**Student:** 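Would you mind keeping the following structure in view while I ask a few things?
Order of the sequence lines fixes the chain letters, A, B, ..., with proteins taken first and strands second; residue numbering starts at 1 for each chain. Keep in mind the model is a prediction, meaning the values are calculated, not measured.
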Amino acid sequence: MRGEIMKMFTGKPIIKGLGSGTALVTKMPINFTAAFTKIPSFLPYMNSVIMDRHHELFYKRIKNRVLVFPACIGSTGTGLLLLQIITTGGAPSAIIVQEADSLLVSGIVLSDVWFNKSFPVIEYGPEDIYEKIKTGDRVDVDGQTGEIRVTQG
Amino acid sequence: MKLNEKQENMLNGKSGEVMSLAMKTLVNYGDAFQAKRLVEITSAHVAGSFGIFAVKSYYNIINRIVTDGLKVKVPTTVNPRPGNRLHMVNQVVMNKQQFLENSFKKMGIIPNYSCACYDGVNVPSKGEPVAWAESSAVQYANSVLGAKTNRNSVMIDICSAVTGYVPEFGYMLDENRRGQILVKLKIDKMDASALGFIIGQRVVDKVPVIEHYPFTRVALKNMGGAMAASGAVALFHVEGLTPEAPDMKSIFDREPEKILTITQKDIDDLRTKDLSKTTSVVFGCPHMTLEEANDLAGYFNGASVKRPTCFCMTPAAKTEFEKSDRGQKVTAAGVKLYDHCPVAAFTVRRGNRHMLTSSAKCFYYLAGTDYGTKEDCLRACGVKS
């Protein structure tokens, strides 16, 4: 393991599994449908790039990252887009979200039940999440226990 | 989650492996939100209606459902067509459209092909549990009709339709349908779609209660659609207008968590300042109803549009409007009538970069659009507003 463990805390486990990666953090809710249905989204190497011009993560790639954000917004296509990203190898390593909603959960449940592919999701409501995790930090997540370990990036 | 014997049997494969996977999807979905049971639904609405070539995992699941001969157990409607026949590029990008439509037919889905399914086709009563996808339709079902649905994802809709169940959590439960945020209005010239966009941005996923304003059904539809694009609102109330909010006292259990005031300036800030750039004008998102098209028709009477203009309407409304005297005057003015989804249809387009729309939902999703009020749009069309 690189570096020294800086922080360890626990959220509410939503989807099981282990995941590790570099954090990608935003305080803006994400509209997955707007983010992943633009023309370039259908090119294989662009499948995990956020293409929503309304979002601060415009042009950022979520693949293998630990994505930290407040909530999902927008269309009910979210589950389908997540399912597609996961089954085509563009999935994040884990998601830490302030409020896990029906759309986020469905995308991962669908991919788990029908394709045996999934990643952990932890719900962590308090605002201090943005103090605890910064973009670039190394984050390890245990979706069974809700444990989150952050090593400064 | 506690299942009854019939549900347990479906989960354990007594009705086949595919049915069992559909049940497992709903059980896991509900478990993530501590749902205690699955409830019977009275209708479903399916959102995944665009046959985009890339979403192969979706077609894989649908194919397994159709091959196993599963059919919907409740009346089920479906979202718009994507304008796949509009031009060659769309035909290539949406090359799974025929497969999708054939599959829906085999599953017994009603071919209404509109997001405004609640316009005379799929109209649940107050209090009925339903499983709808399509964020704007969810808004309408919950807020305007008083039916109960969560913001279900694409494919959760189909799993619910073929099993007849949905997990009971969130907006299926009365205690989660109460007001959370009070919205006050300081608006001189109402624009429901823009108002919805701003409310969605500010409340994100809470339940807003808007102080009384006599919104029409059409305005409620467009406001709800916008709120669910810029935010994740599944349910809103309007004091003294929507079914669960006869007055402020009965919709709030306690003091509002927050009080927002939306002003005329907020609405004006959303509008484009420069109509001269506009290359075309699009009306309808969610789909225009007949009522809405008739309301606009008068402006086009005897006129001739200055820029390409289209109405995107429910297929049923389009058929009726085309035949009517009003509709013929609108098309004589140069307006094109479509029944596809503008967002799907116009994503690929040549030139025509600055489309002007009076739908804040369309503005959010369709790259290269500007927002204008109805009056702005009519001005861009070159007709008197």
**Student:** Taking the six-membered ring of B:Tyr59, is NZ or CZ of B:Lys96 closer than 6.0 Å to its centre and within 45° of its axis?
**Tutor:**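 Geometry flag: set, cation within 6.0 Å and 45°.
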**Student:** Relative to chain B, which segment of A:Asp52 carries a heavy atom at a distance below 4.5 Å: side chain, backbone, both, or neither?
**Tutor:**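 Interface part for A:Asp52: side chain.
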**Student:** Could you measure the distance from the CG atom of A:Leu67 to the CG atom of A:Leu24? Nearest 0.5 Å is fine.
**Tutor:**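 If we round to the nearest 0.5 Å, A:Leu67:CG and A:Leu24:CG are 5.5 Å apart.
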**Student:** Which bit of B:Ser230 is near chain A, if near means a heavy-atom gap under 4.5 Å: side chain, backbone, both or neither?
**Tutor:** backbone
**Student:** Heavy atoms only, distances under 4.5 angstrom: which of B:Val18, B:Leu21, B:Val233 has the most pairs with chain A? Name it, please.
**Tutor:**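 Ranked by heavy-atom pairs under 4.5 Å with chain A, first place is B:Leu21.
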**Student:** State the OH-OG distance between B:Tyr118 and B:Ser43, to the nearest 0.5 angstrom.
**Tutor:** 13.5 Å
**Student:** By a 4.5 Å heavy-atom criterion (distance strictly below it), what part of A:Glu99 contacts chain B: side chain, backbone, both, or neither?
**Tutor:**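 For A:Glu99, side-chain heavy atoms alone lie under 4.5 Å from chain B.
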**Student:** Under a 4.5 Å heavy-atom cutoff, which of A:Leu110, A:Thr37, A:Val121 has the most pairs with chain B?
**Tutor:** A:Leu110
**Student:** Let's test your reading of the structure: which of A:Leu80, A:Ile86, A:Asp112 forms the most heavy-atom pairs below 4.5 Å with chain B?
**Tutor:** A:Leu80
**Student:** Taking atom CD of A:Glu56 as the centre, does the number of heavy atoms from other residues, nucleotides or ligands within less than 6.0 Å exceed 12?
**Tutor:**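 Correct, the count exceeds 12.
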**Student:** Heavy-atom pairs under 4.5 Å with chain A - which of B:Gly231, B:Gly225, B:Ala47 has more of them than the others?
**Tutor:**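 Counting heavy-atom pairs under 4.5 Å, the top option is B:Gly231.
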**Student:** So for A:Val109, is it side chain, backbone, both, or neither that comes closer than 4.5 Å to the heavy atoms of chain B?
**Tutor:**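 When you check distances to chain B, only side chain atoms of A:Val109 fall under 4.5 Å.
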**Student:** Is it the backbone or the side chain of B:Phe53 that comes under 4.5 Å from a heavy atom of chain A, or both, or neither?
**Tutor:** side chain
**Student:** Would you please name every residue forming a side-chain hydrogen bond (donor to acceptor under 3.5 Å, both in side chains) with A:Thr87, sequence neighbours left out?
**Tutor:** B:Ser57
**Student:** Contact part of B:Ala229 toward chain A, heavy-atom cut-off under 4.5 Å: side chain, backbone, both or neither?
**Tutor:** backbone
**Student:** Check the pair B:Ile158 / B:Tyr58 against side-chain contact (heavy atoms from CB on, under 4.5 Å), numbers first and verdict last.
**Tutor:** CA-CA 11 Å; B:Ile158 294 180; B:Tyr58 181 50; 3.9 Å; yes
**Student:** Hey, which of B:Asn150, B:Leu366, B:Asp205 has the most heavy atom pairs under 4.5 Å with chain A?
**Tutor:**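 Most pairs with chain A among the choices: B:Asp205.
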**Student:** Between A:Glu147 and A:Lys12, does at least one N-O distance fall below 4.0 Å, as a salt bridge requires?
**Tutor:** no
**Student:** Which region of B:Gln139, side chain (C-beta onward) or backbone (N, CA, C, O), has a non-hydrogen atom less than 4.5 Å from a non-hydrogen atom of chain A, or is it both or neither?
**Tutor:** neither
**Student:** Which atoms of A:Ala34 come close to chain B, meaning under 4.5 Å heavy atom to heavy atom: side chain ones, backbone ones, both, or neither?
**Tutor:**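 Answer is both: backbone and side chain atoms of A:Ala34 are under 4.5 Å from chain B.
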